[in-house]
Structures are given as structure tokens and as C-alpha cells.
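Nothing here was measured: the structure is a model prediction, and the numbers come from that model.
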Amino acid sequence: MELLNDLNWRYATKRMNGEKVSDEKINIILESIRLSASSLGIQPYRVFVIENPALRAEIYEKACQQPQIVEGSHIIVFASFKEVNGNHVDEYLGRIAQERNMTPEQLAPFKGMIDGFLATHTPQVVSEWAARQTYIALGTGLVAAAAEKVDSTPMEGFNPAELDKILGLAEKNLRSVSILALGYRDENTDYLSKAKKIRLSKDEFFTML
């Protein structure tokens, strides 16, 4: 019930009041994102946490002119791998071997499954698969923020080419996919701050078979 109350409380905050989110709350949200579900567990994306006001102002000016970028406390940029290759697979399997004390022979079937997935799909399909993984983490971040009573706004309406330039993503084999702004609602200027949440009814939304 508490989780449902948190989800009813949250909304895509349109205006924020500039109040800083504590390091403790930010760390809980980030750890939740790190622990989020990921297809194959490979996490084919990286997360950039931006608090610096000057950098956020540059992002606002050049890539995303939404007020939460500068009115919020932090923005989180989810950037997926443009290419997923054998090196990523080997690094991932190396972490599994170390953490679970497993041998390459024990991991061979899993490696074969991942290699088969990469081999039977075009680079474009794999790139889009990687991008979609970021939305799972974004959703986890939204829920974690709500649980911490931190307001948030998920964003796709930005110029990814400009954001990639600002953050130097191309040379890191990354491309920006989504942004999560974190902060606290400004009830005086946000027209949605007291609005009732609108969702489909259970009967309309769910099909029980």
C-alpha cells in the first residue's frame, strides 16, 4: 500500500523550486538504478549524474530547453552503447566469474547464448535493444525517487546530438536516450502540482485471461 501511495503522489513535475536533493536520497535512487533489471544482465548503457549548475545551464541552452534542467537539483542522463561487441561480453562474463567463483567452462553455455544473440541480429537491432534497456532503469529511478519523496521528470524531448557533444558520448561508444530530472515541485508555478492523476480504470487497462 505504501508503494501505491508513492506512485499516486508522483507525477511528471513541470516546475521545480531549486531545492537540493540530499546526497543520501540521490545515492539511494542511483543504487536502485544500478540494481535495476537488465536483459541478460549485461547493462548495455551508462548513467551520467549531473549536478553542476554550469553544465546543466549549457544543456538547457543547447540541448533541452525544459525548465526542470536548471530548476531541479540533478539530472540523470541514460546513454546506451551504440555497439555491443565481444569485449563487452567478455568483461561481463569476467565479472560473473569473479563474483560467483565460476570457471569459463561453467559459463560457456551462457556465453554461447549471448554470442548467438549478437550474431543473429543486425548491429542496428542490437543498438536499439541496448537503448530500450535504459527505459527499464529509468522506470526504476522513477519509482525509487517517488519512494524517497523526490520529484522527477522523465524526458525524451531533447536534442540528442547536442547532448552527446556536450557530454562527449560519441568517443565513449554511447548515445543519449533519456533524461531523468530530480528535484522538488514548485507548487506555486507548476499547474499540475495539485491535479488529480489520470489513468485508465483497471477494467479498461487490464485483460485478465
Side-chain angles (χ1 to χ4, degrees), residues 1-36 45-80 131 134-169 175-205:
M1 180 60 74
E2 185 175 351
L3 176 60
L4 294 181
N5 289 336
D6 293 337
L7 294 177
N8 271 302
W9 172 84
R10 72 147 299 277
Y11 71 106
T13 307
K14 302 306 180 186
R15 300 299 299 267
M16 295 181 175
N17 64 14
E19 181 181 349
K20 186 181 185 302
V21 179
S22 71
D23 291 342
E24 179 183 7
K25 288 180 179 291
I26 291 294
N27 288 335
I28 290 171
I29 294 167
L30 293 181
E31 184 65 359
S32 299
I33 290 170
R34 189 182 72 86
L35 295 173
S36 181
Y45 57 90
R46 295 295 179 263
V47 181
F48 294 78
V49 185
I50 304 167
E51 181 181 6
N52 184 288
L55 183 54
R56 287 191 286 125
E58 183 180 5
I59 291 170
Y60 175 83
E61 181 66 26
K62 297 179 179 179
C64 185
Q65 293 185 344
Q66 297 191 51
Q68 305 93 323
I69 297 294
V70 290
E71 291 178 351
S73 173
H74 296 68
I75 62 171
I76 300 175
V77 176
F78 296 85
S80 66
T134 69
Y135 291 102
I136 302 173
L138 172 66
T140 301
L142 287 167
V143 174
E148 292 300 312
K149 288 297 186 287
V150 173
D151 285 301
S152 60
T153 312
M155 299 178 177
E156 286 186 307
F158 61 92
N159 185 326
E162 287 299 325
L163 185 56
D164 291 357
K165 287 181 185 177
I166 293 169
L167 298 180
L169 297 185
R175 61 183 179 116
S176 56
V177 178
S178 59
I179 297 173
L180 179 61
L182 299 173
Y184 294 102
R185 65 189 69 176
D186 187 336
E187 294 187 352
N188 294 320
T189 59
D190 190 342
Y191 69 97
L192 285 178
S193 65
K194 295 180 176 63
K196 184 176 181 181
K197 186 182 287 289
I198 305 300
R199 293 292 188 271
L200 291 170
S201 70
K202 294 178 182 178
D203 289 341
E204 292 174 295
F205 191 64

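- Nearest heavy-atom pair across Val21 and His74 is O-CE1, 3.9 Å.
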Q: Go through the steps to decide whether Asp151 and Tyr11 satisfy the test side-chain contact (heavy atoms from CB on, under 4.5 Å), and finish with yes or no.
A: CA-CA 8 Å; Asp151 285 301; Tyr11 71 106; 4.2 Å; yes
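- Contact detail for Tyr135 and Ser178: the closest heavy-atom pair is CE2-CB, 4.3 Å.
- Contact between Ile69 and Cys64 at its shortest, heavy atoms only, is CG1-O, 3.6 Å.
- Proximity of Phe158 to Gln66: side-chain heavy atoms (C-beta onward) are nowhere separated by under 4.5 Å.
- For the pair Thr140/Ser32, a side-chain contact is recorded, criterion being any heavy-atom separation below 4.5 Å from C-beta on.
- Residues Met16 and Gly72 share a closest heavy-atom pair of SD-CA, 3.5 Å.
- Qualifying salt bridge (charged side-chain N to carboxylate O under 4.0 Å, His left out) partners for Arg15, counting only residues two or more places apart in sequence or in other chains: Glu71.
- Residue Ala181 comes nearest to Met155 through the heavy atom pair CB-CE, 4.0 Å, listed as atom of the first residue, atom of the second, then distance.
- Partners of Val143 according to the side chain to side chain contact (heavy atoms under 4.5 Å, CB included) rule, which considers only residues two or more places apart in sequence or in another chain, are Leu3, Leu7.
- Using a 4.5 Å heavy-atom cutoff, the side chains of Leu163 and Ile179 are in contact.
- At least one donor-acceptor pair closer than 3.5 Å links the side chain of Asn8 to the backbone N or O of Leu4.
- Formation of a donor-acceptor pair under 3.5 Å by the Glu148 side chain with backbone atoms of Ile29 is not found in this model.
- For Lys202, the NZ atom counts as loosely surrounded, since its 6.0 Å shell holds 12 or fewer non-hydrogen atoms of other residues, nucleotides or ligands.
- Taking both residues in full, the closest heavy atoms of Lys14 and Tyr191 are given as CG-CE2, 4.1 Å, listed atom of the first, atom of the second, then distance.
- Within 6.0 Å of atom NZ in Lys20, more than 12 heavy atoms from other residues, nucleotides or ligands are found, so the atom counts as buried in its surroundings.
- In summary, Lys149 and Asp6 engage in a salt bridge, as defined by a charged side-chain N under 4.0 Å from a carboxylate O.
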